[in-house]
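Every heavy atom of this structure was used, including side-chain atoms; hydrogens, water molecules and symmetry mates were not.
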Amino acid sequence: MSSRTTRVTTIAACLVSLGALATSAIVAARPSQQPAQSVTSNVSLAPGPRLVARSTASDSRGHLVSVSADATSGRRTVTPLSCSRLYAAGGTGVCLRLDPGLTTYQLVVIDGHLKTTREIPLVGVPNRARVSPSGRMVAWTVFVTGDSYNGGRFSTRAGILDTRTQELVPTLEDWAVTVAGRPYRARDLNFWGVTFTPDDRRFYATMSTGSHRYLVRGDMATHRLTALMDNVECPSLSPDGTRIAFKSARGGDPARGWRLSVLDLSTRRVAPLTETRNVDDQAAWIDPHTVAYALPRGRDHSDVWKVPADGTGRPAILIPDAESPAALGTAEVGAQ
């Protein structure tokens, strides 16, 4: 098979994968119904031994729920806040949801008491959301259509908001990019899966171009992106800032699914985790030694699982009937 044919095949597989992801996101983004169980607004996003997540239970689907850090009691507190994707850290939350009364989506920044502090219209279907450890920076990824280079199929677009200065980066596609030490320009740049460093200046993300899916490091001060490694998707920086949990395409082929691993940033050593199922999610660190992620169960349900970040142990369910997990306890690490 020629290199041209291989490249076309790989790109096609990526587009099929994006399409499947976008379809799942659209289903997840449907308006939720009021939960049958009792709800309360008396939930805090302040740092502490708690987890928040998006419920996929039939009686509270889409609503933010709060559970204890170990989640062993099985008890959850359901809030009125309904989101398609969510995340929280440092007393700040981000909720990607349908714009009330419209068929478009919006990003909602919420404070520690779940009160809205800013709303931003989104052009696309919600996919990923992140908040920096200090709670200052928020990021999102959406699926979009209409980019000429991919024939109208789904693409991804990532944006960032500085909640302190209100600086808004609607897309990373306008930033300067360096690959292999040289300036890089291409029409097919796609970005997704932002994760922030504790200094609120730098971040990591995925950049796809051609047949590559690079781990890139971004700088808010210079608006520059530098490619670091290939075949690294949906990075998630550890609380101590030394490791990145990520998913990688099996054999470099997204059509074969993804495998969770952890990258040591100083040594570039990669440790595959013991979760061998297909994990199509941006993992979240629930403590310095453990990552959590969602696995679908049927059409409308997911469960949050956890696994040790050093390649030992076995996966275990952390929060049944949930997705989009965030550990509020890790927000204290590196807070500015």
| task | Is it possible for you to say whether Trp285 and Phe246 belong to one hydrophobic cluster, with membership spreading through side-chain heavy-atom contacts below 4.5 Å? | result | no
| field | For Gly218 against Leu225, the heavy-atom pair lying closest together | value | CA-CD2, 3.6 Å
| query | How far does NE2 of His113 sit from OG of Ser44, to the nearest 0.5 angstrom? | reply | 6.0 Å
| request: Return the set of residues passing side chain to side chain donor-acceptor pair (under 3.5 Å) with Asn231 (not counting sequence neighbours), or none when no residue passes. | output: Arg213
| Exercise: identify the closest heavy-atom pair between Asp240 and Arg243 | OD2-NH2, 3.3 Å
| said: Checking the side chain of Thr117 only, and the main-chain atoms of Val109 only, is there a donor and an acceptor separated by less than 3.5 Å? | reply: yes
| query | Side chains of Leu122 and Leu107: does their closest heavy-atom pair fall under 4.5 Å? | reply | yes
| request: Run the numbers on Val65 and Thr77 for side-chain contact (heavy atoms from CB on, under 4.5 Å), then give the verdict. | output: CA-CA 5 Å; Val65 295; Thr77 302; over 6 Å; no
| request: Quick one: closest heavy-atom pair of Thr209 and Ala186, and the distance? | output: OG1-CB, 3.7 Å
| said: Counting C-beta onward and ignoring hydrogens, is there a side-chain heavy-atom pair between His289 and Ile286 closer than 4.5 Å? | reply: no
| field | Minimum side-chain heavy-atom gap Asp219-Trp175 below 4.5 Å | value | no
| Taking the six-membered ring for Trp, are Phe191 and Trp140 ring centroids under 6.0 Å apart? | no
| After noting the C-alpha distance and the side-chain angles of Trp305 and Glu275, does the key distance pass the side-chain hydrogen bond (donor to acceptor under 3.5 Å, both in side chains) rule? | CA-CA 9 Å; Trp305 289 71; Glu275 174 57 84; over 6 Å; no
| Cluster link Val291 to Val232, ILVMFWY, side chain under 4.5 Å | no
| query | Side chains of Ser236 and Tyr204: is there a donor and an acceptor less than 3.5 Å apart? | reply | no
| request: Evaluate the criterion side-chain contact (heavy atoms from CB on, under 4.5 Å) for residue pair Leu81 and Leu86; output intermediate values, then yes/no. | output: CA-CA 10 Å; Leu81 184 66; Leu86 63 88; 6.0 Å; no
| request: Scan Arg54, Arg128, Arg85 and name whichever one has a salt bridge (charged side-chain N to carboxylate O under 4.0 Å, His left out) with Asp281. | output: Arg128
| task | State, yes or no, whether a side-chain contact exists between Arg201 and Met137 at a heavy-atom distance under 4.5 Å. | result | no
| message | Could you see if Leu273 belongs to whatever hydrophobic cluster contains Val270? Use Ile, Leu, Val, Met, Phe, Trp, Tyr and a side-chain cutoff under 4.5 Å. | response | no
| Do the side chain of Thr171 and the main chain of Gly159 share a donor and acceptor less than 3.5 angstrom apart? | no
| message | With a sphere of 6.0 Å drawn around CZ of Arg224, does it hold more than 12 non-hydrogen atoms of other residues, nucleotides or ligands? | response | no
| Side-chain heavy atoms of Thr195 within contact of Ser132, under 4.5 Å | no
| task | Show your working on side-chain hydrogen bond (donor to acceptor under 3.5 Å, both in side chains) between Asp200 and Ser134 and close with a plain yes or no. | result | CA-CA 8 Å; Asp200 285 330; Ser134 72; 2.6 Å; yes
| query | Are any non-hydrogen side-chain atoms of Arg97 and Ser82 less than 4.5 angstrom apart? | reply | no
| Is the side chain of Arg50 donor-acceptor paired with the backbone N or O of Ala46 at a distance under 3.5 Å, no angle test? | yes
| Out of curiosity, Leu96 CG to Asn127 CG, how far, rounded to the nearest 0.5 Å? | 9.0 Å
| query | When you look at Leu161 and Arg118, which way does the side-chain contact (heavy atoms from CB on, under 4.5 Å) test go after all the steps? | reply | CA-CA 10 Å; Leu161 172 69; Arg118 182 163 180 183; 3.4 Å; yes
| task | Kindly say whether Cys234 contributes a backbone atom to a donor-acceptor pair with the side chain of Thr206 at under 3.5 angstrom? | result | yes
| Taking all non-hydrogen atoms of both residues, which atom of Ala309 and which atom of Val262 are closest, and how far apart? | O-CG2, 3.5 Å
| message | My understanding is that only one of Asn190, Val216, Thr156 makes a side-chain contact (heavy atoms from CB on, under 4.5 Å) with Met207; could you say which? | response | Val216
| task | To the nearest 0.5 Å, tell me how far Arg217 CZ sits from Leu228 CG. | result | 5.0 Å
| field | Aromatic plane relationship, Phe203 with Phe196 - under 30° parallel, 30 to 60° tilted, over 60° perpendicular | value | perpendicular
| note | Of all heavy-atom pairs linking Gly193 and Thr141, the shortest is N-OG1, 3.2 Å
| field | Residue list, disulfide bond (SG atoms under 2.5 Å apart) with Cys95, at least two apart or on another chain | value | Cys83
| task | Supply the atom-to-atom distance Thr276 OG1 to Arg259 CZ, rounded to the nearest 0.5 angstrom. | result | 6.0 Å
| field | Pairwise side-chain contact, Val94 with Ile110, heavy-atom cut-off 4.5 Å (strictly under) | value | no
| Say you draw a straight line from OG of Ser324 to CZ of Arg130; how long is it, rounded to the nearest 0.5 Å? | 8.5 Å
| request: Carefully, step by step, assess Leu237 and Leu265 under the rule side-chain contact (heavy atoms from CB on, under 4.5 Å). | output: CA-CA 10 Å; Leu237 189 64; Leu265 287 170; 3.9 Å; yes
| task | Give a yes or no on whether a salt bridge exists between Asp253 and Arg250, defined as a side-chain N under 4.0 angstrom from a carboxylate O. | result | no
| said: If hydrophobic clusters are built from ILVMFWY residues whose side chains come within less than 4.5 Å, do Val279 and Ile317 share one? | reply: yes
| query | Backbone N or O of Arg269 within a donor-acceptor pair of the Thr267 side chain at under 3.5 Å? | reply | yes
| query | When you check the side-chain N and O atoms of Ser55 and Ser60, is any donor under 3.5 Å from an acceptor? | reply | yes
| remark: Between the CG atom in Leu215 and the OG atom in Ser248, the distance rounded to the nearest 0.5 Å is 12.0 Å
| said: If you define the side chain from C-beta out and look only at heavy atoms, does anything of Thr274 sit under 4.5 Å from Pro315? | reply: yes
| message | Side chains of Thr56 and Asp321: any donor to acceptor distance under 3.5 Å? | response | yes
| task | State, to 0.1 Å, how close Asp230 and His212 come at their nearest heavy-atom pair, and which atoms those are. | result | OD2-ND1, 2.5 Å
| query | Are Leu328 and Leu114 linked, directly or through other ILVMFWY residues, by side chains that come within less than 4.5 angstrom of each other? | reply | yes
